[in-house]
**Student:** 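Structure provided below as structure tokens; questions to follow.
All heavy atoms count here, side chains included; hydrogens, waters and symmetry mates do not. We name chains A, B, ... by the order of the sequence lines, and we start the count at 1 in each one.
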Amino acid sequence: MIQVRGLSKLYGKKVVVDQVSIDIVPGTITSFIGPNGAGKSTLLSMVSRLMDADTGEVLLDKKNIKKIKSGELSKKVSILKQSNQMNVRLTVKELVGFGRFPYSKGRLNDQDHAKVDEALTYMDLHDLEDRYLDELSGGQRQRAFIAMVIAQDTDTILLDEPLNNLDMKHSVQIMKILRRLVDELGKTVVIVLHDINFASVYSDRIVALKDGKVIKDGLTNDIIQSTALKEIYDMDIHVQQLNNCRICVYFNSALQGE
Amino acid sequence: MRNSTKLIILLGLSFLFTGLYLFQDLNGSYDYALPRRGIKVLAMVITGCAIAYATVIFQTITHNRILTPSIMGLDALYLLLQTVLIFFLGSDHITIMNKQVNFVLSVAAMIIFALLLYRFLFNKGSQPIYFLLLIGIIVGTFFTSISTFLQVLIDPNEFSMVQDRMFASFNNVSTDLVWIALILTTIVILIGWRSTHFLDVLSLGRDQAINLGVPYESVVKKMLVISAVLIAISTALVGPITFFGLIVANLSYQFFKSFRHSILITGAMLMSIVALIGGQWVVERIFTFSTTLSVIINFIGGVYFIYLLLKESKSS
Ligand SMILES: Nc1ncnc2c1ncn2[C@@H]1O[C@H](COP(=O)(O)OP(=O)(O)OP(=O)(O)O)[C@@H](O)[C@H]1O
Ligand SMILES: [Mg+2]
């Protein structure tokens with residue numbers, strides 16, 4: 001279980017993450033939502049040790065992540081950032097193979113190959129597995145990176161806007177896969193989302209950030225409420241019940257009649 | 001063609017040129033010419049491997065394929081040291097005349113400089129690697145300026161001694177030093193080799209490397225120190241030829257098209273050996289010493305460098 005305690009980040013005098021304390025509940029999907037620049041990516045980077053915090057600490061099973069060996073931590077927590085650039089040419093399959101690095105140190109055994117294959121199947125990438133990443137569309141590349149994280153097979157998966165660049169079909173497909181990872185394999189997923197309807201329909205819990213502070217942290221249904229959303233986004237958002245889902249309508253206030 | 005086949009071909013070529021260089025026109029001079037040629041071959045193998053290795057790892061940790069470790073100012077420091085010694089102590093002083101003393105002094109100066117630089121920078125928290133490069137460039141330029149200034153003031157006869165040191169040469173390396181350099185280089189490369197698998201991941205970028213469990217800071221520091229030590233050894237042995245590393249590293253990337261550093265590095269090392277020994281053979285037997293290897297390297301390297309720059313600017 002990941003616990004965040006008093007985490008802050010400053011750029012110069014500007015506080016971009018301000019004394020954040022949250023518990024990531026194991027076996028759930030937690031969505032981070034909030035306006036641009038709220039500090040979601042920064043928070044996720046600190047939780048995943050990509051960035052040093054200025055104050056506070058991140059605990060994994062009650063142990064400060066800085067005290068855990070990198071090799072061990074990489075088998076427990078994985079992160080996919082908002083953008084991924086690299087200067088080496090890889091095929092999709094090679095990239096996904098890198099997800100096994102924490103276990104294989106570069107020499108894939110049969111089990112690793114099986115995991116890679118499974119991740120490619122999950123992400124529907126077998127047709128593309130021998131293509132080079134720089135020859136793919138943005139969405140296809142994004143799926144390849146998600147497949148790599150799936151192959152890494154960690155208990156906790158942190159994803160920063162993984163639906164970037166994806167069409168509706170693949171967005172839904174990925175959210176369903178994340179749901180399966182949580183429901184069937186007991187994994188914990190933390191995901192940054194901008195489309196609050198995806199957050200509403202697929203996540204168990206929502207943490208809302210604004211100006212570096214956590215302003216809401218609770219069950220999805222408690223946060224997907226007009227009043228709470230207004231506080232987060234400073235705009236009127238109408239919430240409608242559709243079957244069992246709560247759907248937010250925010251495209252145009254004229255559509256929100258009642 | 002498979003990569004292992006390519007490596008075997010390169011290995012074959014290395015042996016071919018080595019054999020050619022050692023035994024052609026030997027005329028039975030087994031006691032005199034053969035050992036002398038042998039030492040030269042050894043010097044070329046050491047330098048070639050050291051520079052190839054240092055350049056590939058340096059380019060991987062800096063995520064840049066047109067940089068060489070000389071950007072950290074080591075070559076410049078070497079020339080400054082030689083210039084200062086000749087300027088203040090004279091070219092007949094023991095520190096210049098005695099190759100062993102000069103070697104130890106040069107290697108020590110370069111390694112201490114690199115360590116101080118890294119220590120200074122890493123103590124200030126985790127600096128982005130570009131900051132380190134920037135400081136390296138500034139310090140290197142500073143060293144070069146002082147050298148140039150002193151070279152203008154120096155006695156013309158003495159200046160020819162300085163000039164000698166400005167270009168790499170395999171023609172008068174000392175036998176003792178070759179053995180020392182061989183041992184040092186082997187040890188350093190073996191230490192680095194244990195981290196080769198980390199390098200593959202480092203080329204995915206810092207964040208992916210950390211995500212996949214690479215102890216990023218310590219690997220980067222270790223690799224920076226290793227490349228500095230290797231450059232120091234090869235520069236003190238034959239003079240500055242780090243430009244050469246740029247050529248073989250990029251040729252290796254193009255030729256092998258792999259992300260595996262075990263292949264890229266081995267390939268770059270073999271290419272260095274082929275190029276240096278082959279080049280030296282051409283210089284000695286075809287140009288009959290009318291030009292030097294370092295002139296040829298700088299010429300071909302320069303042309304290739306321009307090609308790389310044009311290619312990079314097109315692709316981005
Ligand atoms: N290197 C930096 N230097 C200074 N300020 C920075 C830096 N990186 C981020 N910031 C600032 O920190 C704040 C939080 O950035 P962050 O990337 O965490 O936002 P975010 O919530 O992920 O936004 P988005 O939804 O646009 O991805 C922003 O105001 C941003 O301008
Ligand atoms: Mg962000």
Side-chain angles (χ1 to χ4, degrees), chain A residues 41 44-54 65-66 68-91 93-108 132-134 144-145 148-149 151-154 156-160, chain B residues 3 56 58-67 122 124-129 193-222 249-250 252-265 308 311-312 315-316:
Chain A
S41 298
L44 216 58
S45 292
M46 290 189 291
V47 171
S48 56
R49 71 184 172 320
L50 295 184
M51 194 184 270
D52 286 330
D54 289 316
I65 52 162
K66 285 195 179 159
I68 304 175
K69 280 200 171 154
S70 346
E72 285 313 303
L73 197 53
S74 65
K75 295 177 192 168
K76 297 192 169 133
V77 180
S78 56
I79 166 112
L80 181 63
K81 295 245 303 183
Q82 201 166 352
S83 63
N84 292 282
Q85 288 138 347
M86 46 190 196
N87 63 347
V88 58
R89 253 183 129 224
L90 295 178
T91 65
K93 199 170 184 176
E94 286 167 346
L95 179 77
V96 179
F98 267 109
R100 300 303 298 166
F101 186 82
Y103 309 89
S104 65
K105 303 295 170 215
R107 291 175 193 279
L108 303 190
Y132 280 97
L133 290 172
D134 55 5
F145 276 102
M148 170 184 158
V149 174
Q152 198 177 337
D153 195 19
T154 53
T156 305
I157 302 172
L158 311 173
L159 301 160
D160 195 351
Chain B
N3 278 339
V56 173
F58 190 79
Q59 294 190 339
T60 296
I61 55 180
T62 53
H63 302 295
N64 191 316
R65 292 187 161 183
I66 50 175
L67 284 182
F122 287 129
K124 307 204 145 194
S126 50
Q127 296 285 355
I129 203 121
W193 201 262
R194 300 214 319 260
S195 305
T196 309
H197 57 294
F198 285 143
L199 291 172
D200 300 344
V201 189
L202 279 181
S203 46
L204 299 186
R206 171 186 180 273
D207 293 341
Q208 282 296 356
I210 295 178
N211 172 42
L212 293 172
V214 175
Y216 181 79
E217 301 263 310
S218 70
V219 171
V220 165
K221 276 183 212 171
K222 181 172 153 190
N250 278 283
S252 179
Y253 306 142
Q254 280 196 334
F255 190 52
F256 290 102
K257 294 201 171 32
S258 172
F259 61 88
R260 289 190 193 284
H261 281 72
S262 50
I263 294 176
L264 292 176
I265 292 172
L308 285 179
K311 205 180 74 164
E312 288 269 313
S315 69
S316 61

**Student:** With only heavy atoms counted, which part of A/Lys105 is less than 4.5 Å from chain B, the side chain, the backbone, both or neither?
**Tutor:** both
**Student:** Looking at every heavy atom in both B/Asp200 and A/Phe98, which two are closest together, and how far apart are they?
**Tutor:** O-CZ, 3.7 Å
**Student:** Which atom pair, heavy atoms only, marks the closest approach of B/Phe259 to A/Glu94?
**Tutor:** CE2-CD, 3.4 Å
**Student:** Could you state the interatomic distance from CG (A/Leu80) to CD (B/Gln208), rounded to the nearest 0.5 Å?
**Tutor:** 6.5 Å
**Student:** Please determine, among B/Arg260, B/His197, B/Lys257, the option with the most heavy-atom pairs under 4.5 Å with chain A.
**Tutor:** B/His197
**Student:** Once rounded to the nearest 0.5 Å, what's the spacing between atom CG of B/Asp207 and atom OG of A/Ser45?
**Tutor:** 6.5 Å
**Student:** Locate the shortest heavy-atom distance separating A/Pro102 from B/Leu212; write the atom from each residue and the value.
**Tutor:** CG-O, 3.7 Å
**Student:** Taking all atoms of both residues into account, what is the closest heavy-atom pair of A/Met148 and B/Asn211, and its distance?
**Tutor:** CE-ND2, 4.5 Å
**Student:** Among A/Ile79, A/Leu158, A/Val149, A/Leu73, which residue has the highest count of heavy-atom pairs closer than 4.5 Å to chain B?
**Tutor:** A/Ile79
**Student:** Which region of A/Leu90, side chain (C-beta onward) or backbone (N, CA, C, O), has a non-hydrogen atom less than 4.5 Å from a non-hydrogen atom of chain B, or is it both or neither?
**Tutor:** side chain
**Student:** Is it the backbone or the side chain of A/Arg49 that comes under 4.5 Å from a heavy atom of chain B, or both, or neither?
**Tutor:** both
